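The figures that follow rest on heavy atoms only: side chains count, while hydrogens, waters and symmetry mates do not. Source: prediction; values computed, not measured.
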Amino acid sequence: MASPLSEAEDLPPAGNHEGWDLQLDKNGVQIYTQDWPGSSFVAVKTVQIIQSSLSNIMGNFLDISAFPEWVKDMEHAELLEDFNEHKQRTIYMHMGLPWPLKDRDVIIQQTLAQDPVSYEVTLAEQKRVGLLAEKNGVIRIPSVNSEFVLTPLSEGGVRMIWQGHNEPGGFIPSFLVNWMIENIFYD
């Protein structure tokens with residue numbers, strides 16, 4: 001039987017910036033890119049300090065219905081399977097993209113882990129396959145491999161690192177996506 005997860009190349013350790021090219025350092029937000037094996041789309045890493053508690057940030061991650069309020073281009077998100085004994089849940093997300101691009105959707109399995117000493121939280125995401133039929137007029141994203149790493153800081157706030165490599169599917173020129181990364185992820 002095939003795995004319900006898409007095949008994905010391992011992400012590098014989130015705290016290691018070796019091999020990443022800094023594209024933007026503005027208002028406490030750093031955005032990095034690096035080439036990804038076998039893809040014309042680059043991998044992206046963002047780093048920022050959020051002046052909030054870890055529990056407040058996690059509350060936002062757990063409230064799927066609120067994703068459209070803070071995720072760019074998100075039109076709809078819903079829980080398909082709640083957290084199980086392996087600390088995994090499955091969510092559906094639909095992104096509305098401006099013309100001439102077509103909307104995208106994806107089914108993601110999120111795996112939650114927390115270090116018991118540092119309280120650092122990792123939320124890893126991979127595409128889940130075979131759970132819902134594709135919708136007419138919406139392109140199913142073929143590849144998702146990303147993670148959020150949330151580290152509480154002794155001086156207050158939380159360092160958030162998001163890194164990942166995703167393939168958008170359909171026809172979106174990679175040079176255009178790679179060129180727009182700073183604006184997409186900074187906004």
Side-chain angles (χ1 to χ4, degrees), residues 2-50 57 61 67 70-74 77 88 90-113 115 120-130 134 138-151 158-187:
S3 168
L5 296 179
S6 60
E7 296 297 319
E9 181 87 18
D10 286 341
L11 293 169
N16 182 353
H17 302 318
E18 186 175 324
W20 292 92
D21 298 316
L22 181 63
Q23 301 297 316
L24 178 74
D25 187 354
K26 180 178 174 183
N27 297 326
V29 176
Q30 292 85 43
I31 300 174
Y32 300 85
T33 61
Q34 72 170 259
D35 291 336
W36 194 256
S39 177
S40 58
F41 294 94
V42 296
V44 179
K45 178 189 287 196
T46 65
V47 180
Q48 69 183 54
I49 306 298
I50 299 173
I57 294 168
F61 280 111
F67 280 14
W70 61 273
V71 178
K72 186 171 178 58
D73 297 322
M74 181 76 57
Q88 296 172 327
T90 305
I91 60 174
Y92 170 81
M93 297 185 295
H94 179 118
M95 281 69 64
L97 299 180
W99 182 88
L101 302 175
K102 290 188 176 187
D103 285 5
R104 301 296 196 272
D105 72 357
V106 67
I107 301 164
I108 293 179
Q109 179 175 291
Q110 294 181 321
T111 303
L112 182 66
D115 183 287
E120 180 176 271
V121 171
T122 301
L123 187 65
E125 301 178 316
Q126 285 190 298
K127 179 185 175 196
R128 175 104 185 256
V129 294
E134 294 185 23
V138 178
I139 295 172
R140 180 69 45 92
I141 294 173
S143 175
V144 173
N145 184 19
S146 58
E147 68 180 357
F148 290 89
V149 178
L150 304 164
T151 308
V158 175
R159 177 184 301 110
M160 182 179 82
I161 299 176
W162 179 91
Q163 67 172 350
H165 177 262
N166 303 327
E167 294 283 337
F171 179 71
I172 297 180
S174 58
F175 75 87
L176 182 61
V177 172
N178 295 342
W179 177 69
M180 293 173 45
I181 280 185
E182 292 175 29
N183 289 333
I184 292 168
F185 283 90
Y186 183 77
D187 288 344

Q) If you round to the nearest 0.5 Å, how far is CG of Leu123 from OG1 of Thr111? A) 8.0 Å
Q. Got a sec, which residues hit ring-ring contact (aromatic ring centres under 6.0 Å, His included) with Phe67, two or more places apart in sequence or on another chain?
A. Trp70
Q.
Test of understanding: with salt bridge (Lys or Arg N to Asp or Glu O under 4.0 Å), list the residues that count as partners of Arg159, not counting sequence neighbours.
A. none
(Q) How close do Pro168 and Pro142 get, counting heavy atoms only, and between which atoms? (A) C-CD, 3.7 Å
Q: For Thr90, check side-chain hydrogen bond (donor to acceptor under 3.5 Å, both in side chains) against everything at least two apart and list the hits.
A: Glu81, Arg128
Q. With sequence neighbours left out, what residues match Glu125 under side-chain hydrogen bond (donor to acceptor under 3.5 Å, both in side chains)?
A. Gln110, Ser146
**Q.** Partner set under side-chain hydrogen bond (donor to acceptor under 3.5 Å, both in side chains) for Asn166, not counting sequence neighbours
**A.** none
Q) side chain to side chain contact (heavy atoms under 4.5 Å, CB included) with Ile141: which residues, sequence neighbours excluded? A) Met95, Arg104, Val106, Val144
**Q.** Partner residues of Asp73 under the side-chain hydrogen bond (donor to acceptor under 3.5 Å, both in side chains) criterion, sequence neighbours left out
**A.** none
(Q) Could you report the tightest heavy-atom contact between Pro12 and Gln163, atom names first, then the distance? (A) O-NE2, 2.7 Å
Q. Can you name the side chain to side chain contact (heavy atoms under 4.5 Å, CB included) partners of Asp21, sequence neighbours left out?
A. Gln23, Thr33
Q: Check side chain to side chain contact (heavy atoms under 4.5 Å, CB included) between Leu22 and all other residues, then give those that pass, not counting sequence neighbours.
A: Asp25, Gln30, Tyr32
Q.
Quick one, Trp162 and Val44 - any side-chain contact, counting heavy atoms below 4.5 Å?
A. yes
**Q.** Contacts of His165 that satisfy ring-ring contact (aromatic ring centres under 6.0 Å, His included) - sequence neighbours left out
**A.** Trp36
Q) Are Val42 and Asp35 close enough that some pair of their side-chain heavy atoms sits under 4.5 Å apart? A) yes
Q) Minimum heavy-atom separation for Lys45 to Pro13, with atom names? A) NZ-O, 4.0 Å
Q) With sequence neighbours left out, what residues match Val158 under side chain to side chain contact (heavy atoms under 4.5 Å, CB included)? A) Leu54, Ile57, Leu150
Q: Please name the pair of heavy atoms, one in Asp105 and one in His94, separated by the smallest distance, quoted to 0.1 Å.
A: CB-CA, 4.1 Å
(Q) Within the structure provided, determine whether Arg140 and Lys127 are in side-chain contact (heavy-atom separation under 4.5 Å). (A) yes
Q. Could you state the interatomic distance from CD (Gln34) to CD (Glu18), rounded to the nearest 0.5 Å?
A. 10.0 Å
